[in-house]
Amino acid sequence: MAATAAAALLVLAAPPGPRPLGSAAAQSLGPQGFAAEALPAPVLPSAAPAAPAAPPADGLDALGRAGRGIDRSAPVTFTADEVEYDHERGVVTARGRVEAWQGERILRADEFTYDRNTGVATASGNVQLLEPDGQVLFADRVELSNEFRDGVLEGLRGLLAGNARVAATGARRTSGTLFDLARVVYSACEPCATDPLAPPIWQLRARVATLDQQARQVRYRDASLMLAGVPVLYTPYFAHPDGTAPRQSGFLTPYVGLTRFLGAFAELPYYWAIDESQDLTLTPILSTRQVPNLGAEYRRRFNFGEIEARGSIGYLREGTALDESGFGWHLFSRGLFALDENWRAGFDFNRASGENYLRAFRYGVRRYLPSSAYTEGFWGAGGYARFDLRGYQSLRPTDDSGVIPYVLPNLYADWWSGRDPLGGYLTLDTWNFAIRRESGTSTRRLAARARYELPYIDSLGSVWTFRSQLDTLAWWWDDLDRAPNFAIGGGGGSEARANLRLALDWRLPLVRPAGEWGSQLVEPRVQLVTGPNVGGSYRLLPNEDSLDFEFSDANLFDLNRFTGRDRQEGGTRVDAALRGAWYFPNGGLVEGLVGRSFRLVQDANFDPGSGLEDRSSDWVGRVRLSPVPWFELIGRARLDKDTGQRNMTDITGVLNIGPTSFSAGYLYTVPSPGLQPQRTREEIALGVNARIGEYWRVGVFGRYDIDINRPVLYAASVAYEDECLLVEGRFVRNYAEDPATQRLYPSNTLLLLRIGLKTVADFGFRAI
């Protein structure tokens with residue numbers, strides 16, 4: 001703790017050095033203002049080697065760096081109002097505004113003496129040490145001896161980084177490496193403006209604090225935490241790294257809480273710095289309702305990469321975590337390695353015994369776990385390639401593991417040519433994979449795409465863009481009648497296809513000034529797309545990447561509006577939209593877009609309800625209202641082409657009124673053939689966040705499912721934060737159900753209390 005303060009003063013309170021003063025130097029001494037020549041600095045022994053530069057440590061540990069990294073060969077220069085040299089006694093005395101500096105460190109005192117015979121140096125009267133990082137240390141008196149390896153400070157005070165303050169009745173350095181402080185007080189809180197003598201919100205007190213520079217540790221004896229002057233925590237002894245060590249083994253801040261499945265519990269993490277390149281954190285969880293659980297995290301860095309693994313092992317008693325009991329475990333790991341200047345390789349391996357085990361012991365909310373091994377290459381901004389193998393583990397007992405795919409392998413590569421002399425550019429890519437399912441469709445696919453785009457602006461300001469896209473695909477498959485295709489009469493087979501799409505896109509941005517109200521924009525846009533008709537024949541081919549589809553203004557002008565390549569759009573169509581906008585001088589705007597698509601021949605590849613199943617599409621639109629910086633509303637919609645009935649509505653809005661922010665959202669979608677469950681989804685969401693005064697903030701959020709008439713989630717939070725203290729409380733209630741049991745998941749309710757003493761530590765309590 002404050003023991004480190006002694007390091008700063010004792011290192012740089014050293015005088016310019018016991019250099020013998022000859023007659024020439026003695027003649028320059030006088031009662032007038034004196035500026036000594038730059039004298040060589042004394043070499044101050046230190047048992048601890050110089051540490052590499054590190055970011056500032058929090059709290060009192062920052063003082064432990066004082067004196068480290070000093071260039072002791074740099075000259076020490078000082079000035080004083082009066083300097084005397086007693087030849088008979090061998091004593092140099094400087095008085096009146098004494099100021100000595102070495103580099104960016106400055107020492108000030110009323111009087112400074114150095115006895116050449118005993119080697120004792122003394123600085124007294126308003127002793128100040130100004131550090132380069134802004135820290136300021138004060139002392140009544142400083143005495144250095146034994147070639148400045150030992151010393152005593154009286155009446156130590158300090159203003160540290162992070163607005164922290166420290167005080168001690170005295171400090172002592174021994175053997176150049178041990179610093180002891182007596183009656184230490186530390187706090188990061190500002191004194192009360194109306195009553196500076198009132199106790200701060202919190203402070204740490206210790207009878208003795210010792211900084212061991214060789215071990216790079218701070219040790220405390222008889223330490224207590226005071227809140228508003230009232231002691232709330234006492235410990236006879238504890239120790240922690242002094243902030244100069246990059247890493248050091250030891251216990252981390254414990255975590256306590258209360259959950260429905262664990263009962264009262266405590267986490268006691270221990271950090272083991274194995275060596276300079278690897279570490280291990282062990283976290284036992286002790287609880288009243290479960291046997292102990294052990295979590296671990298291992299990390300290692302190499303010159304060419306890194307690996308990380310997190311895992312646990314535990315046991316769930318029967319009946320305490322719904323449908324899971326017995327031994328449980330999990331392993332989440334990843335690695336990344338550079339092979340050369342272009343290629344790198346990596347892996348992600350994730351496995352767990354079950355979803356409820358992860359929820360009960362708070363290791364994350366996962367429905368499935370992906371694993372992969374990959375290698376990828378980069379060539380500037382125009383070339384990229386990736387080869388990977390993928391696997392997935394389902395954690396829900398209701399999932400059929402036989403239909404979960406293994407991707408062995410997946411290969412993707414692309415190349416961009418850059419702008420050609422005409423101003424266009426060419427993009428080439430290929431995407432190939434082999435998917436295997438134990439009881440579903442197994443698919444192998446080769447696919448390549450060539451895309452060319454050429455823009456042109458005519459004399460009237462119209463923007464013409466020519467686009468072309470050629471897709472070539474080949475499939476080999478088995479069991480097409482199984483998941484996820486369920487093709488009637490489908491079995492095994494193979495097929496090769498090609499699809500060419502040509503498009504001419506025209507838009508005319510018409511802009512006119514609106515005087516002091518900004519400018520207005522009207523932009524009609526029409527695109528003609530043509531290519532061979534593909535009919536509904538693609539329905540007899542595997543579909544791995546185009547199951548999830550939603551038609552909106554975002555993909556109205558795409559050449560192929562399916563999300564992937566297993567489904568191709570064909571025929572001739574016209575896409576049209578009208579966009580209008582009003583841009584205000586303050587940066588605000590009001591914007592709207594409406595459009596639809598018309599085709600010559602119906603495309604049977606689109607499912608009913610998609611909005612593109614007929615020759616004319618549904619209406620799609622977008623509205624954005626942001627006339628002032630403190631309000632924004634964005635809405636998207638898809639309306640039935642014949643009845644105007646809504647098929648999709650997505651609205652979000654934010655309103656900021658002073659320190660209060662309101663947010664709202666509304667979502668409505670009809671069932672999608674590619675998603676489960678097959679039901680209409682209609683939800684609303686509301687949220688409020690407010691700052692009350694200078695230190696308080698509160699927040700409330702909720703989401704409600706109108707279709708099933710039940711909340712989805714609601715949460716509330718309240719926090720107090722000032723310059724030295726953070727107190728935060730959160731409550732979250734989640735209504736997600738386990739489809740296997742139709743009951744709420746474990747850990748669906750969260751109560752979290754966090755107390756943070758800035759520059760020292762965070763303490764938390766969690767209840768579920």
Side-chain angles (χ1 to χ4, degrees), residues 419 422-425 451-469 501-530 550-561 573-599 611-612 616-641 644 646-657 662-667:
R419 295 288 179 178
L422 297 178
Y425 60 88
R451 181 182 176 94
Y452 182 77
E453 185 167 319
L454 176 63
Y456 172 74
I457 301 176
D458 63 22
S459 59
L460 298 177
S462 297
V463 181
W464 300 83
T465 305
F466 169 75
R467 298 186 181 94
S468 64
Q469 180 174 295
R501 310 292 286 161
L502 301 175
L504 183 62
D505 187 346
W506 170 85
R507 59 188 178 92
L508 178 61
L510 302 172
V511 181
R512 74 170 186 177
E516 61 182 9
W517 294 98
S519 61
Q520 299 169 342
L521 167 72
V522 176
E523 183 183 53
R525 181 177 180 182
V526 178
Q527 177 179 247
L528 173 65
V529 184
T530 189
E550 184 171 3
F551 177 48
S552 71
D553 65 286
N555 58 5
L556 173 62
F557 290 93
D558 288 353
L559 299 188
N560 181 35
R561 289 177 286 202
R573 74 173 199 257
V574 175
D575 307 319
L578 179 65
R579 174 174 171 256
W582 193 326
Y583 299 94
F584 300 107
N586 63 353
L589 64 86
V590 175
E591 180 200 34
L593 179 146
V594 61
R596 66 186 305 196
S597 182
F598 307 88
R599 66 176 66 253
L612 290 170
S616 59
S617 73
D618 285 350
W619 292 92
V620 294
R622 177 184 74 243
V623 175
R624 181 181 178 188
L625 303 177
S626 183
V628 289
W630 44 267
F631 175 73
E632 182 177 41
L633 177 69
I634 299 178
R636 283 185 163 88
R638 178 166 64 89
L639 305 179
D640 186 271
K641 64 182 183 304
R646 58 177 179 164
N647 290 323
M648 187 275 291
T649 305
D650 186 2
I651 303 173
T652 59
V654 177
L655 173 64
N656 298 305
I657 302 178
F662 300 89
S663 62
Y666 175 79
L667 175 66

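Hydrogens, waters and symmetry mates are skipped; everything else that's a heavy atom, side chains included, is used.
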remark   = Arg596 meets the salt bridge (Lys or Arg N to Asp or Glu O under 4.0 Å) criterion, sequence neighbours left out, with none
message = Checking Phe598 now: which residues fulfil ring pair (Phe, Tyr, Trp, His ring centres under 6.0 Å) with it, not counting sequence neighbours?
response = none
message = Among residues at least two apart in sequence or on other chains, which ones pass ring pair (Phe, Tyr, Trp, His ring centres under 6.0 Å) with Trp517?
response =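 With neighbours one apart ignored, the set is empty.
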request  = Go through the structure and list residues passing side-chain hydrogen bond (donor to acceptor under 3.5 Å, both in side chains) with Asp505, not counting sequence neighbours.
outcome  =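 Partners of Asp505 by the side-chain hydrogen bond (donor to acceptor under 3.5 Å, both in side chains) criterion, ordered by chain and then number, come out as Arg467, Arg525.
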Which residues share a side-chain hydrogen bond (donor to acceptor under 3.5 Å, both in side chains) with Trp506, sequence neighbours left out =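 Partners of Trp506 by the side-chain hydrogen bond (donor to acceptor under 3.5 Å, both in side chains) criterion, ordered by chain and then number, come out as Ser462.
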ask   = Quick one: CH2 on Trp582 to CG on Leu625, what's the gap to the nearest 0.5 Å?
value =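 Atom-to-atom, Trp582:CH2 and Leu625:CG are 13.0 Å apart.
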task = Supply the atom-to-atom distance Leu504 CG to Thr530 OG1, rounded to the nearest 0.5 angstrom.
result = 11.5 Å
If I compare all heavy atoms of [X] with all of [Y], which pair ends up nearest, and what's the gap?
{"X": "Phe551", "Y": "Arg561", "answer": "CE1-NH1, 4.0 Å"}
{"X": "Leu559", "Y": "Ser468", "answer": "CD1-C, 4.4 Å"}
{"X": "Val594", "Y": "Trp619", "answer": "CG2-CE3, 3.7 Å"}
{"X": "Leu556", "Y": "Ala577", "answer": "CD2-CB, 4.1 Å"}

inquiry  = Taking the ring centre of each residue, are Trp464 and Phe466 less than 6.0 Å apart?
reply    = no
task = Among residues two or more places apart or on two chains, list those pairs meeting salt bridge (charged side-chain N to carboxylate O under 4.0 Å, His left out) that have a residue in residues 507-517.
result = Arg507-Glu523
Is the backbone of [Y] close enough, under 3.5 Å, to the side chain of [X] for a donor and an acceptor to pair up by distance?
{"X": "Asp458", "Y": "Gly461", "result": "yes"}
{"X": "Ser617", "Y": "Ser597", "result": "yes"}
{"X": "Asn560", "Y": "Arg501", "result": "no"}

Salt-bridge contact Glu550-Arg638 (side-chain N to carboxylate O under 4.0 Å) =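 Salt bridge flag = no for Arg638 with Glu550.
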